[in-house]
Number of protein chains: 2
Amino acid sequence: MHIEELATPAVLVDLDVATRNLDRMAGFCQKHGLGLRPHTKTHKSLEFARRQLSRGSRGLTVAKVGEAEVIVAATPGEILVAHPVFGAAQLERLARLAAETEILIAIDSDAAAEAISCAAARLGVSFGILVEFDSGFRRCGLAAGAACVALARGIERLPGLRLRGLMTYFGNIWGSEEERASQIRCTAREVQRAVEAFEAERLPLEIVSGGSTPAAVLSHLIPGLTEIRPGTYIFNDMNTVYQGACSLDDCAVRVLTTVVSTAISGQAIIDAGSKTLSSDPLSSGPKSGYGFIVGQPSVTLTRLNEEHGYVDITRAGPLRIGEKLSVIPNHVCACVNMHDEVFIVGGEQVIDTWKVDARGKVR
Amino acid sequence: MHIEELATPAVLVDLDVATRNLDRMAGFCQKHGLGLRPHTKTHKSLEFARRQLSRGSRGLTVAKVGEAEVIVAATPGEILVAHPVFGAAQLERLARLAAETEILIAIDSDAAAEAISCAAARLGVSFGILVEFDSGFRRCGLAAGAACVALARGIERLPGLRLRGLMTYFGNIWGSEEERASQIRCTAREVQRAVEAFEAERLPLEIVSGGSTPAAVLSHLIPGLTEIRPGTYIFNDMNTVYQGACSLDDCAVRVLTTVVSTAISGQAIIDAGSKTLSSDPLSSGPKSGYGFIVGQPSVTLTRLNEEHGYVDITRAGPLRIGEKLSVIPNHVCACVNMHDEVFIVGGEQVIDTWKVDARGKVR
């Protein structure tokens with residue numbers, strides 16, 4: 001089927017571009033001796049997870065227990081829950097998974113360690129644990145050094161927990177090459193501090209895991225890292241473009257939309273709004289607009305309602321009703337998460353439909 | 001089950017509050033002799049749709065064909081698709097629905113009229129049609145007057161279309177009482193212009209439909225309207241609060257979350273981010289923050305990542321890991337649309353789980 005025959009709005013994934021993105025990251029990691037544990041939050045799909053694993057990924061990353069429950073079907077290897085899971089019901093579900101596969105959890109508190117240990121004991125399983133430290137993003141994670149060591153000592157005393165190393169998320173590394181180079185030096189300093197403190201106490205450093213797509217291909221500049229966890233790299237989006245980490249041609253996802261109204265002068269309305277693209281603003285670059293309209297450099301997607309996208313055509317000729325526009329979303333993870341399936345395309349042909357298996361697994 | 005036992009994040013609907021909201025709007029419409037055709041985009045649930053119908057709603061409103069296909073199970077009455085549907089596949093699906101139930105479509109172009117007529121002819125059905133006019137919101141809709149009449153004449157000539165009246169969306173009416181009063185006068189003028197042009201040409205005015213929750217209870221000030229299509233009113237949200245259209249006590253939805261990290265000073269992280277609450281900003285009021293944290297006036301939800309919410313606690317005492325926070329979302333429609341189910345609560349007890357039946361029906 002030609003993509004123009006698809007009902008819109010529809011999320012299209014160019015399989016060649018996604019495959020190239022996967023190969024490139026796998027090649028980078030292989031070249032630098034880094035492990036790759038892709039974050040599946042971007043695609044939430046077993047098909048894509050399997051393609052990541054077949055390229056040598058040592059396991060997968062998820063944010064939520066519900067995602068782990070779905071994605072486990074793709075992997076015989078480890079799953080890292082890169083979120084400080086808390087709550088008896090969720091930990092019990094995770095313990096059930098841990099009976100069949102190695103589950104790693106990254107935590108930054110004694111409270112989390114104790115709750116996980118309880119769940120492990122109840123089901124007679126064990127979890128791998130990473131201590132999360134902050135390397136500058138200031139979201140989760142203890143200060144590198146003594147606080148991490150103290151938590152590690154607590155973890156070692158608790159039954160059902162096997163301390164395996166450290167984790168950090170460096171989502172703060174993006175911008176121009178100079179900006180990223182400067183940020184990476186700060187990050188590297190924090191990683192070094194965390195690693196040295198563990199070394200000094202002979203704590204396990206089997207895994208030192210670092211995150212984020214924009215920083216991924218600079219990760220070799222951070223000594224001590226054993227692996228990275230990029231997610232967005234598989235598809236990329238306008239944020240990744242403006243973060244300096246990819247080109248438009250590396251964006252694998254385009255949302256196909258249709259012009260449905262041209263009644264207001266200077267404007268066209270498309271059938272994709274925030275329930276299709278998400279309201280996520282651009283995190284860098286011009287910081288305006290809700291996606292890039294491919295091949296139409298003089299029209300801009302200026303505003304979204306739930307099911308309407310407002311296209312400013314004042315600097316372009318009129319659009320006609322029924323015309324198709326392709327939009328590269330600002331934030332592809334938020335976009336894909338609202339859709340039950342994505343259409344896999346090769347050139348102009350739809351070659352398959354893949355389920356977004358872990359969509360909406362918020363718990 | 002007590003709500004504190006729920007795994008988080010979880011969308012809770014206080015059934016008493018939602019019921020009061022439904023009763024209040026039904027009472028308002030009854031008092032003023034206005035029809036009520038609730039927009040189901042907010043709840044996307046058959047259970048809530050049935051409650052709207054049992055209070056005298058004359059039919060339901062949807063934005064997308066896929067929503068109509070789901071919601072039809074709740075209603076023996078009319079469904080209005082308040083979106084200028086375009087595309088052969090979608091119109092064919094809609095024509096199949098039209099074989100069993102009255103489907104109304106609001107349009108603002110000859111192109112849409114012709115496409116709908118083709119679909120009707122192919123399946124041997126007919127559609128009710130409303131001409132959409134712009135009353136100031138500047139999204140869809142022709143200018144009130146001659147342009148609407150010209151489209152109406154075109155509709156009357158096309159087989160399979162039955163012109164039934166006019167539709168407009170006045171999403172621009174909100175703010176202080178004075179602001180709303182001033183805006184409602186402008187809207188009323190446009191409605192009058194549209195109605196008079198149809199009257200002068202003896203065009204059908206069986207339905208003159210107007211939209212939006214913030215303006216709903218001012219709709220009686222717009223002469224000529226036969227019905228309103230509020231959606232958000234069933235749950236309300238922080239936008240509705242700041243638009244001056246409800247109080248905090250009228251917000252039926254709260255997202256239950258758990259504090260999962262307190263490692264960064266002055267901050268707590270909850271397990272609800274943009275994939276739970278949506279990134280929708282506040283459209284009015286302070287225009288900052290991603291939801292109101294109930295009962296904690298000195299803490300604010302300042303930032304979201306996909307699965308992390310950043311709570312600023314610099315003006316409050318520390319929060320502890322495991323503590324539950326309830327968040328009233330900025331935009332409840334965008335929030336509910338990401339969840340497979342909502343938890344129905346009465347007081348502190350969970351009394352049921354209802355499916356968000358039409359979630360993700362973007363086409």
Side-chain angles (χ1 to χ4, degrees), chain A residues 5-10 41 63-65 83-87 89-90 93 108-109 111-112 115 132 134 138-143 147 171 258-264 267 269 271-272 274-276 278-281 305-308 310 320-322 331 333-334 337-340 359-360 362-363, chain B residues 5-10 41 63-65 83-87 89-90 93 108-109 111-112 115 132 134 138-143 147 171 258-264 267 269 271-272 274-276 278-281 305-308 310 320-322 331 333-334 337-340 359-360 362-363:
Chain A
E5 292 170 62
L6 280 172
T8 64
K41 58 151 190 164
K64 296 290 177 120
V65 176
H83 199 277
V85 190
F86 200 87
Q90 272 132 308
R93 285 159 52 203
D108 64 7
S109 70
E132 182 164 4
D134 175 45
R138 299 192 67 71
R139 183 171 71 186
C140 294
L142 297 164
T258 303
V259 173
V260 294
S261 172
T262 57
I264 304 291
Q267 172 178 297
I269 296 291
D271 57 0
S274 62
K275 283 178 173 172
T276 292
S278 95
S279 295
D280 279 30
N305 293 156
E306 286 163 59
E307 304 288 6
H308 300 80
Y310 294 64
R320 63 174 170 69
I321 287 173
H331 187 187
C333 316
N337 181 54
M338 292 187 292
H339 297 269
D340 289 327
R359 192 216 56 71
V362 290
R363 285 180 288 274
Chain B
E5 291 171 65
L6 280 172
T8 64
K41 57 150 190 163
K64 295 290 177 122
V65 176
H83 199 277
V85 190
F86 200 87
Q90 272 131 311
R93 285 159 53 202
D108 64 6
S109 71
E132 181 164 4
D134 176 45
R138 299 193 67 70
R139 183 171 71 185
C140 295
L142 297 163
T258 303
V259 173
V260 293
S261 172
T262 56
I264 305 289
Q267 171 179 297
I269 296 291
D271 58 359
S274 61
K275 283 179 174 171
T276 292
S278 93
S279 295
D280 280 30
N305 293 155
E306 287 162 58
E307 305 288 7
H308 299 80
Y310 294 65
R320 63 174 170 71
I321 288 174
H331 187 187
C333 315
N337 181 54
M338 291 186 291
H339 296 268
D340 289 327
R359 192 215 58 73
V362 289
R363 288 178 287 271

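Treat the numbers as computed from the prediction; the structure is a model and nothing was measured. Naming convention: chains lettered A, B, ... in sequence-line order (proteins, then strands); numbering from 1 in each chain.
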Query raised in the report: Do B:Glu5 side-chain atoms and A:Ala89 backbone N/O form a donor-acceptor pair below 3.5 Å?
Result: no
Query raised in the report: In terms of heavy-atom proximity below 4.5 Å to chain B, should A:Ala7 be classed as side chain, backbone, both, or neither?
Result: both
Report task. Using non-hydrogen atoms and a 4.5 Å limit, figure out which bit of A:Ile269 sits close to chain B: side chain, backbone, both or neither. Result -> side chain
Report task. Work out which heavy atom in B:Met338 is nearest to a heavy atom in A:Met338; give both atom names and the distance. Result -> CG-CG, 4.1 Å
Query raised in the report: Based on non-hydrogen pairs under 4.5 Å, which of A:Asp134, A:Asn337, A:Leu6 is most in contact with chain B?
Result: A:Asn337
Report task. Salt-bridge test for A:Asp340 and B:Arg359: reply yes if a basic N is under 4.0 Å from a carboxylate O, no otherwise. Result -> yes
Report task. Identify which part of A:Lys64 has an atom lying under 4.5 Å from any heavy atom of chain B, answering side chain, backbone, both or neither. Result -> side chain
Query raised in the report: Partners of A:His331 by side chain to side chain donor-acceptor pair (under 3.5 Å), sequence neighbours excluded?
Result: A:Asp280, B:Glu306
Query raised in the report: Which region of A:Glu307, side chain (C-beta onward) or backbone (N, CA, C, O), has a non-hydrogen atom less than 4.5 Å from a non-hydrogen atom of chain B, or is it both or neither?
Result: both
Query - Nearest heavy atoms of A:Ser261 and B:Gly141, plus distance in Å - result: OG-N, 4.3 Å
Query raised in the report: Can you find a pair of side-chain heavy atoms, one from B:Arg139 and one from A:Asn305, that are under 4.5 Å apart?
Result: yes
Report summary line: Okay, A:Ala10 and chain B: the region with an atom under 4.5 Å from a heavy atom over there is both
Report summary line: Shortest non-hydrogen pair, B:His308 vs A:Cys140, comes out as CD2-SG, 3.8 Å
Report summary line: Turns out that what part of A:Asp271 lies under 4.5 Å from chain B's heavy atoms comes down to both
Query raised in the report: Where does A:Ser278 contact chain B at under 4.5 Å (heavy atoms): side chain, backbone, both or neither?
Result: neither
Report task. Over all heavy atoms of both residues, which pair between B:Pro84 and A:Val260 is shortest? Give the atoms and the distance, please. Result -> O-CB, 3.3 Å
